[in-house]
Amino acid sequence: MKLLAGQDVKVLPVSADKATRANPASTQAGAGNVKLVRGCWNETFLDEVCSFANGQLSIRSMPSPTL
């Protein structure tokens, strides 16, 4: 939190495991409602997203992202 000194920050308790919390975002991505800004980080980001939670999310079956 020290790195965020001077910023408006709201800390919330964790309500579920990471995979459960990611499910709404995964659902939106699977529906084609997520767009990425083209950048050198895209491939690294998508590799990380696809390997998240041992691939248990339905992200692998999403349509190709719109860049």
Side-chain angles (χ1 to χ4, degrees):
M1 295 301 295
K2 290 181 184 180
L3 294 174
L4 298 174
Q7 303 297 319
D8 289 329
V9 177
K10 183 175 182 180
V11 179
L12 301 173
V14 176
S15 60
D17 64 274
K18 190 184 287 188
T20 300
R21 295 189 322 263
N23 197 45
S26 174
T27 300
Q28 289 302 308
N33 295 328
V34 175
K35 304 207 180 337
L36 297 178
V37 176
R38 188 179 308 271
C40 62
W41 54 271
N42 292 152
E43 185 175 349
T44 303
F45 172 77
L46 291 171
D47 287 346
E48 179 71 20
V49 168
C50 288
S51 67
F52 177 74
N54 297 319
Q56 71 183 4
L57 300 176
S58 59
I59 230 155
R60 291 184 189 276
S61 61
M62 358 180 270
S64 297
T66 303
L67 300 175

(request) Can you tell me which residue pairs pass the ring pair (Phe, Tyr, Trp, His ring centres under 6.0 Å) test with a partner in residues 9-28, sequence neighbours excluded? (result) none
(message) Looking at every non-hydrogen atom in both residues, tell me the closest pair between Arg21 and Ser15 and how far apart they are.
(response) CD-OG, 4.4 Å
(message) Given 3.5 Å as the limit, does a donor-acceptor pair link the side chain of Asn23 with the main chain of Thr20, or not?
(response) no
(message) For a 4.5 angstrom cut-off between non-hydrogen side-chain atoms, does Asp47 reach Glu43?
(response) yes
(request) For Asn33, check side chain to side chain donor-acceptor pair (under 3.5 Å) against everything at least two apart and list the hits. (result) Gln28
(request) Return the minimal non-hydrogen interatomic distance between Val37 and Asn42, and the atom names on each side. (result) O-ND2, 3.1 Å
(message) Are Leu4 and Val11 connected into the same hydrophobic cluster when the rule is that any two of I, L, V, M, F, W, Y join if their side-chain heavy atoms are below 4.5 Å apart?
(response) yes
(message) Give me each pair satisfying ring pair (Phe, Tyr, Trp, His ring centres under 6.0 Å) with a member in residues 21-45, each pair once, sequence neighbours excluded.
(response) Trp41-Phe45
(message) Per the ring pair (Phe, Tyr, Trp, His ring centres under 6.0 Å) rule, what does the pair list look like for residues 9-33, sequence neighbours excluded?
(response) none
(request) Please list all pairs passing the ring pair (Phe, Tyr, Trp, His ring centres under 6.0 Å) test where one or both residues lie in residues 3-37, with sequence neighbours left out. (result) none
